[in-house]
Amino acid sequence: MEDIIQKKWDEILEYLKIEHGITDVSFRTWLQALDVFSVVDHLITISINDSKIGDSKKYIVNKFGIPLKVSIEEIIGESFDIEFELSSDLKNRQPAPAALVKSKQEPSNDLKYPFLNPRYTFETFVVGNNNSLAHAASLAVAEAPAEVYNPLFIYGGVGLGKTHLMHSIAHYILAQNPNTKVLYVTSETFTNELIEAIRNRSDTTSIAEFRKKYRNIDVLLIDDIQFIIGKESTQEEFFHTFNTLHESKKQIIISSDKPPKEFETLEERLRSRFEWGLPVDIQSPDYETRMAILKKKEELDGLSIDNEVLKYIATNIKSNIRELEGALTKIVALSRLKNKDVDVVLAEEALKDLISPNNKRDITVELISEIIAEHFGIQPTDIVSSKKSRNIAYPRQISMYLCRELTDLSLKDIGKKLGNRDHTTVLHGIMKIQNDLETDDSLQNTIGVLKKKINPQ
Ligand SMILES: Nc1ncnc2c1ncn2[C@@H]1O[C@H](COP(=O)(O)OP(=O)(O)OP(=O)(O)O)[C@@H](O)[C@H]1O
């Protein structure tokens, strides 16, 4: 995390300057005298260059303390505490070595691999009847890459732990050998990067760069391969990527929502390759596994929830672990909001939309926002917030566009549900996406992926 904050430090200061109307002279004098000294857990220590501006700590804390905290949250997307220290006082203080401040679960290389979720490890993965084979095969591949099952093909329904297992394999391999070149991508990213490379075809290095990135590695993990089916040039490129890696004995791990034989329009030569190694499936978890997953989440989040409430969730939410975890989060959020203890009555209220009699999910603004937020690595609350940074504003406009396409709601109602926005703002958002779609093939691909995630049928 320290790396990321260091890298984004200038952007954070620029943001602060613009959002809080800081004058150029104030910016040059005060803000440019600030540097990140260390990031430990969620505390950022900022050094004040007192050789340049003297002991101005009190002034800086008062003037910039809160705006800086808010700006960091806006740009990084997470909340941090901050403290200021004079650089002369910090001179003899060593920044805490990153390895000492990480939690037990976190692998040692998360800075180098920001695309891996530090929580998705074998330690946090609950093994049940539904996933024991997939788990065992994944561990075998992690322990001996390219020696046992190549490719490893993990398939199963939505939200059942495929990504979690893939990240676990990557973390494990990197922990054993940090020099291994591991690349995890979704097939959407693979497609979008290929689109970009083809678009810049006149620049002969762009396709070469693309190929170098995907072929010059030891382990390729490609998630949700179903999204490349039917995209001819992507399939073709992936076919050659696969062959190059496989021939040079590099490990390939693929996930999908169905087994290779069920891909009707997949070319035979790719289908047969997917079956070369070991296709393993993940089923919906049984009741005991659902309880164990809820307890694991309770432990990881430091919660203490009445067993009856866990039983209520595990009894009612059966087929999707993401929803199972989401249910727990919703209950805890409602209890905080209402300042009430978590009990079954509160759980019933919190989950009334999730637990419908036929368990069929409706396409709602909330569902669309949740899927978009997850896809872009932000929080559903960001979508309805007033935050204006592009990494939030653009997904919000995509939400507006997809709400209009996939629900019968009026612009006014969409605006209301997306943070009480005016219908003209919604219209502007929709038109922006419509315009971009005309020229941006990557966006077309992303919107296609999102639509399938929202409405898998
Ligand atoms: N066996 C498990 N133990 C603990 N947590 C799990 C398990 N299986 C899934 N989860 C959790 O459920 C959530 C959804 O899992 P994940 O994203 O891996 O699903 P997926 O199968 O890749 O979904 P999608 O098909 O949407 O890509 C994650 O938060 C993950 O940590």
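Both counts, for ligands and for their atoms, begin at 1 and track the order of listing. Just so it is clear, the structure is predicted and the values come from calculations on it, not from any experiment.
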statement: Under 4.0 Å between heavy atoms, the region of Lys453 that gets near ligand 1 turns out to be neither
- request: Could you label the plane-to-plane angle of the Phe274 and Phe153 rings as parallel, tilted or perpendicular, counting under 30° as parallel and over 60° as perpendicular?
  value: tilted
field: Shortest reach to atom 16 (P) of ligand 1 by a heavy atom, considering only Gly161, Ala292, Gly326
entry: Gly161
- prompt: Is the shortest side-chain N to carboxylate O distance from Glu370 to Arg322 below 4.0 Å?
  reply: no
task: Report the relative orientation of the aromatic rings in Phe242 and Phe238; use parallel for angles under 30°, tilted for 30 to 60°, perpendicular for over 60°.
output: perpendicular
task: Ignoring hydrogens and angles, state whether a donor on the side chain of Thr186 or Asp224 is under 3.5 Å from an acceptor on the partner side chain.
output: no
field: Ionic contact status for Lys295 with Glu298, cut-off 4.0 Å
entry: no
- prompt: If we only count N/O pairs under 3.5 Å, is Val126 in contact with ligand 1?
  reply: yes
query: Should the pair Glu19-Lys387 be classified as a salt bridge under the 4.0 Å nitrogen-to-oxygen rule?
result: no
task: Tell me whether the centres of the aromatic rings in His135 and Phe122 are closer together than 6.0 Å.
output: yes
message: Using side-chain heavy atoms (C-beta onward) and a distance below 4.5 Å, is Thr364 in contact with Thr407?
response: no
- prompt: Are any of the N/O atoms in Phe125 less than 3.5 Å from those in ligand 1?
  reply: no
message: Could you identify the single nearest non-hydrogen protein atom to atom 23 (O) of ligand 1 and state the distance to 0.1 Å?
response: Gly159 N, 2.9 Å
- request: Tell me which protein heavy atom sits closest to atom 28 (C) of ligand 1, plus the residue, atom name and distance to 0.1 Å.
  value: Tyr120 OH, 3.4 Å
query: Looking only at heavy atoms, is any part of Val127 under 4.0 Å from ligand 1, and if so is it the side chain, the backbone, or both, or is it neither?
result: neither
- prompt: Does the N or O separation between Lys162 and ligand 1 drop below 3.5 Å for any pair?
  reply: yes
- line: Contact region, Asp224 to ligand 1, non-hydrogen atoms below 4.0 Å, reads side chain
task: Run the salt-bridge test on Lys296 and Glu325 with the 4.0 Å N-O cut-off and return the result as yes or no.
output: no
message: Tell me whether Gly156 reaches ligand 1 (any heavy atom closer than 4.0 angstrom to a ligand atom).
response: no
query: What are the atoms of ligand 1, with element, lying closer than 4.0 Å to any heavy atom of Asn131?
result: 1 (N)
query: Which ligand 1 atoms does Leu160 reach within 4.0 Å, using its non-hydrogen atoms?
result: 8 (N), 9 (C), 19 (O), 20 (P), 21 (O)
- prompt: Touching ligand 1 at all, Glu325? Heavy atoms, strictly under 4.0 Å?
  reply: yes
query: Got a salt bridge between Asp413 and Lys417, using NZ or NE/NH1/NH2 to carboxylate O under 4.0 Å?
result: no
statement: Quick note on ligand 1: atoms under 4.0 Å from a heavy atom of Thr124 include exactly 3 (N), 4 (C)
query: Looking only at heavy atoms of Asp257, does any of them come nearer than 4.0 Å to an atom of ligand 1?
result: no
task: Could you tell me the residue and atom name of the protein heavy atom closest to atom 22 (O) of ligand 1, and the distance to it rounded to 0.1 Å?
output: Thr163 OG1, 2.6 Å
message: Between Glu193 and Tyr214, is the side-chain hydrogen bond (donor to acceptor under 3.5 Å, both in side chains) condition met? List the steps.
response: CA-CA 11 Å; Glu193 291 187 1; Tyr214 283 97; 2.9 Å; yes
- line: Check: of His375, Arg322, His164, min heavy-atom distance to atom 17 (O) of ligand 1 comes from Arg322
task: Would you mind checking which non-hydrogen protein atom is closest to atom 10 (N) of ligand 1, with the distance to 0.1 Å?
output: Ile321 CG2, 3.3 Å
